[in-house]
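Every heavy atom of this structure was used, including side-chain atoms; hydrogens, water molecules and symmetry mates were not. Chain letters run A, B, ... following the sequence lines, proteins first and then strands; every chain starts at 1.
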Amino acid sequence: DAGVIQSPRHEVTEMGQEVTLRCKPISGHDYLFWYRQTMMRGLELLIYFNNNVPIDDSGMPEDRFSAKMPNASFSTLKIQPSEPRDSAVYFCASSFTGYNEQFFGPGTRLTVL
Amino acid sequence: EDQVTQSPEALRLQEGESSSLNCSYTVSGLRGLFWYRQDPGKGPEFLFTLYSAGEEKEKERLKATLTKKESFLHITAPKPEDSATYLCAVQGTSYGKLTFGQGTILTVHP
């Protein structure tokens, strides 16, 4: 298996622009997680899905953030409008069940100018 | 609220110098404690899962142990390629949710 795939790997945008991050989980994994990593706050869970349904979005910082999972092999995290404080590395992870280890993708490094 | 504290923040070792990393946690109903390794510019890579106090797991030069309040990652005779950030995470009763510590940056000098 190719592992979790994320795109783009790097994104540089200007404040106010819309940003869309993409993720393809490992085939057969029923859980998909979106994390954000910064030096100050470490690795934080934003939202997770089970069988394409959002289960817990309590980590989503504000209404500017939204996530979707239209099918078992694709998810998006959208920020609209983007702000400089959104600059971080965003990781997608997937797992077989909610209590198994999670496998992480390579991340998307987002810079908002 | 689940909490994880890792120490030290950074650790510098000479090749072959064994040491341990600490992960202290507070969680309501531990379902699992996870160790990950993260190299610069990459995503965390899964190492171990521990489920109950007294459990131990080993992989090459790494050995993870678990008590009711903390976990240790022991590194025996480390090599420069063991240099990375080591992350600890706990899963409590919140299904699916992992709470991560800030990590320990390990540097092994040849």
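Of all the heavy atoms in A:Phe33 and B:Gly96, the pair that sits closest is CE2-O, 2.9 Å.
For A:Leu43, the parts lying under 4.5 angstrom from a heavy atom of chain B are both the backbone and the side chain.
A single hydrophobic cluster is seen to contain both B:Leu33 and B:Ile75, as judged by linkage of ILVMFWY side chains at heavy-atom distances under 4.5 Å, directly or through other members. Linking Ile, Leu, Val, Met, Phe, Trp and Tyr residues whenever their side-chain heavy atoms come within less than 4.5 Å leaves B:Phe48 and A:Phe103 in two separate clusters. If you chain together hydrophobic residues whose side chains sit under 4.5 Å apart, B:Leu13 and B:Leu47 fall into the same group. Under the 4.5 Å side-chain heavy-atom criterion for Ile, Leu, Val, Met, Phe, Trp and Tyr, B:Leu66 and B:Leu21 are members of the same hydrophobic cluster. One hydrophobic cluster, built from ILVMFWY side chains closer than 4.5 Å, cannot hold both B:Leu30 and B:Phe100; they sit in different ones.
For B:Ile105, the CD1 atom is loosely surrounded, since the number of other residues' heavy atoms within 6.0 Å does not exceed 12.
By number of non-hydrogen pairs under 4.5 angstrom with chain B, the leading residue of A:Pro106, A:Gly107, A:Gly59 is A:Pro106. Counting heavy-atom pairs closer than 4.5 Å to chain B, the top-ranked of the candidates A:Gly98, A:Ala93, A:Cys92 is A:Gly98.
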Polar contacts chain B-chain A (donor-acceptor, d < 3.5 Å, no H, no angle):
from	atom 1	to	atom 2	distance (Å)
B:Arg31	NH1	A:Tyr99	OH	3.1
B:Tyr36	OH	A:Gln102	N	3.0
B:Tyr36	OH	A:Gln102	O	2.8
B:Gln38	OE1	A:Gln37	NE2	3.0
B:Gln38	NE2	A:Gln37	OE1	3.0
B:Gln91	NE2	A:Gly98	O	2.8
B:Tyr95	O	A:Tyr48	OH	2.2
B:Tyr95	OH	A:Tyr31	OH	3.4
B:Tyr95	OH	A:Gly98	N	3.3
B:Gly96	N	A:Gly98	O	3.4
B:Gly96	O	A:Gln102	NE2	3.2
B:Gln102	OE1	A:Gly42	N	3.4

